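Worksheet for the structure shown next.
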2 protein chains.
Amino acid sequence: MAANSQFAMAVHILTLLARKGDQNLKSDAIAHSVNTNPVVIRRILGQLAHADLVASQTGASGGTKLARSPEEICLVDVYKAVSCGEVFALPSRPASQDCPVGRNIESVLCNLQKAIDRSVAEKLGEFTLARVLEMIDSEDALAA
Amino acid sequence: MAANSQFAMAVHILTLLARKGDQNLKSDAIAHSVNTNPVVIRRILGQLAHADLVASQTGASGGTKLARSPEEICLVDVYKAVSCGEVFALPSRPASQDCPVGRNIESVLCNLQKAIDRSVAEKLGEFTLARVLEMIDSEDALAA
DNA sequence: AGGTATTGTAACTATACTTGTTACAGTTAT
DNA sequence: ATAACTGTAACAAGTATAGTTACAATACCT
């Protein structure tokens, strides 16, 4: 499969929007920077809008801008907006209830899953969009 | 897609093997507990064998047992054995190099990816197979 | 009002991964 | 020898992502 890169694209998109400040940015311009199709961008923007991270305007001179300041947008929010939030999946078929292990593995795995997902969320909680923007700009300064 | 549940199945399998101690367990018996096809089990066992977590014997009265004690098998090892170890993917297409954000986003995302993957690995490093076994057995004791 | 630009979304294709399944060669105990 | 396993190839079905085209709905601008 094409590995799920929506989170990466979402961060890219939000970084562009953050730089644009209060101005609307068109999906076409974003698509150019991300190097993909505008519809792919608009799909992701839809998910971000649903999470109240961005706001779009239709019509001529429309486009999208951030719904909050970059300091108030956390990468956990982005992650939750565009992914299922689960690092690994539980089996689709239930284990055998005839087996002592099968009977209890599901709840153990479920707790483990929650612990792992929580640790990802906590780590992503350490980063704001503002900080990503700083990193981008400082890398650019280094290259200059 | 069918979500990737190989890690969950691998933990289930290893728990069964841990309970069996030094005795060989057949893929058929494992498949019964996991409620799937023996070939699916053998595929995962192959990955676990490659990581030196289990050892199999072919032939009549063959099967598989742990290659180390449950105290020496960590869930990070299992995770690394059966998955790519990446919580999110980087985009397959390179970003536009004409754009200041596009030029630098990849290295920022790559560092972020490493940080997240590291935090997952650290959390999984807190659990040994022995501890999973304890959890399974204590849940069983509660149910009894 | 009318023309134009832009979003939102449906529909379709190509690609690729996971799971389940059958089949069978190779290997080992009895 | 025979029977019982593993290892693995090959294939089908299901499903997710990414890319693309197309178009209705919406809003600006003259």
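Protein chains get the first letters and strands the later ones, always in sequence-line order, with residue 1 at the start of each. Note that these values count all heavy atoms, side chains included, but never hydrogens, waters or copies made by symmetry. Given the structure is predicted, the values throughout are model-derived calculations rather than measurements.
- Side chains of B/V76 and B/F127 form no contact here, defined as non-hydrogen atoms less than 4.5 Å apart.
- One can place CD1 of A/I41 at 16 Å from P of D/dT21, the figure rounded to the nearest angstrom.
- The main-chain N or O of A/E126 is found under 3.5 Å from a side-chain atom of A/R131 such that the two form a donor-acceptor pair.
- Straight-line distance from the CG atom of B/L48 to the P atom of D/dG7: 11 Å, rounded to whole Å.
- One interatomic measurement links the two molecules: NE2 of A/H50 to C1' of C/dT9, which rounds to 15 Å at whole-angstrom precision.
- For the pair A/Q113 and A/V87, the minimum side-chain heavy-atom distance is 4.5 Å or more.
- With rounding to whole Å, A/N35 atom CG is found 12 Å from D/dG19 atom C1'.
- Contacts of residues 84-93 of chain A with DNA chain D (heavy atom under 4.0 Å): none.
- Remark: B/S5, B/Q6, B/M9 in residues 5-30 of chain B come within less than 4.0 Å of DNA chain C through at least one heavy atom.
- In terms of the side-chain hydrogen bond (donor to acceptor under 3.5 Å, both in side chains) criterion, A/E134 has no residue partners (sequence neighbours excluded).
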Using distance only, find each side-chain donor-acceptor pair of residues 49-56 of chain B under 3.5 Å and give its atom names and separation, not counting sequence neighbours.
unit_1	atom_1	unit_2	atom_2	d
B/S56	OG	B/T64	OG1	2.8

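- A/T64 comes within 4.0 angstrom of nothing in the nucleic acid, heavy atoms only.
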Side-chain polar contacts of residues 6-16 of chain A - donor-acceptor pairs under 3.5 angstrom, sequence neighbours left out - could you list them?
unit_1	atom_1	unit_2	atom_2	d
A/H12	NE2	A/S33	OG	2.8
A/T15	OG1	A/V11	O	2.7

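- Among residues at least two apart or in separate chains, side-chain hydrogen bond (donor to acceptor under 3.5 Å, both in side chains) pairs with a member in residues 35-46 of chain B are B/S27-B/R42.
- Look at CG on B/N37: it is 13 Å from C1' on D/dA12, rounded to the nearest Å.
- The closest side-chain heavy-atom distance from B/D98 to A/H32 is below 4.5 Å.
- A straight line from CD of A/Q47 to C1' of D/dT17 spans 11 Å, rounded to a whole angstrom.
- Legend: salt bridge (Lys or Arg N to Asp or Glu O under 4.0 Å) pairs involving residues 67-89 of chain B, not counting sequence neighbours, sorted by first then second residue: B/R68-B/D77.
- Residue pairs meeting the salt bridge (Lys or Arg N to Asp or Glu O under 4.0 Å) criterion with at least one partner in residues 103-119 of chain A, sequence neighbours excluded, are A/R103-B/D140.
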Could you write out each protein N or O paired with an N or O of nucleotides 11-14 of chain C at a distance under 3.5 Å?
unit_1	atom_1	unit_2	atom_2	d
C/dA11	N6	A/R43	NH1	3.3

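- Atoms SG and CD1, on B/C110 and B/I105 in that order, are 11.5 Å from each other to the nearest 0.5 Å.
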For nucleotides 23-30 of chain D, read 5' to 3', which letter fits each nucleotide if B means a protein heavy atom sits under 4.0 Å from the base, S means only the sugar-phosphate is that close, and - means neither?
---BBS--
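- One atom, CG of A/N4, and another, P of C/dC17, lie 13 Å apart when rounded to the nearest Å.
- Sorted by first and then second residue, the salt bridge (Lys or Arg N to Asp or Glu O under 4.0 Å) pairs involving residues 7-26 of chain A (not counting sequence neighbours) are A/R19-A/D137, A/D22-A/K65.
- Partners of B/S61 according to the side-chain contact (heavy atoms from CB on, under 4.5 Å) rule, which considers only residues two or more places apart in sequence or in another chain, do not exist here.
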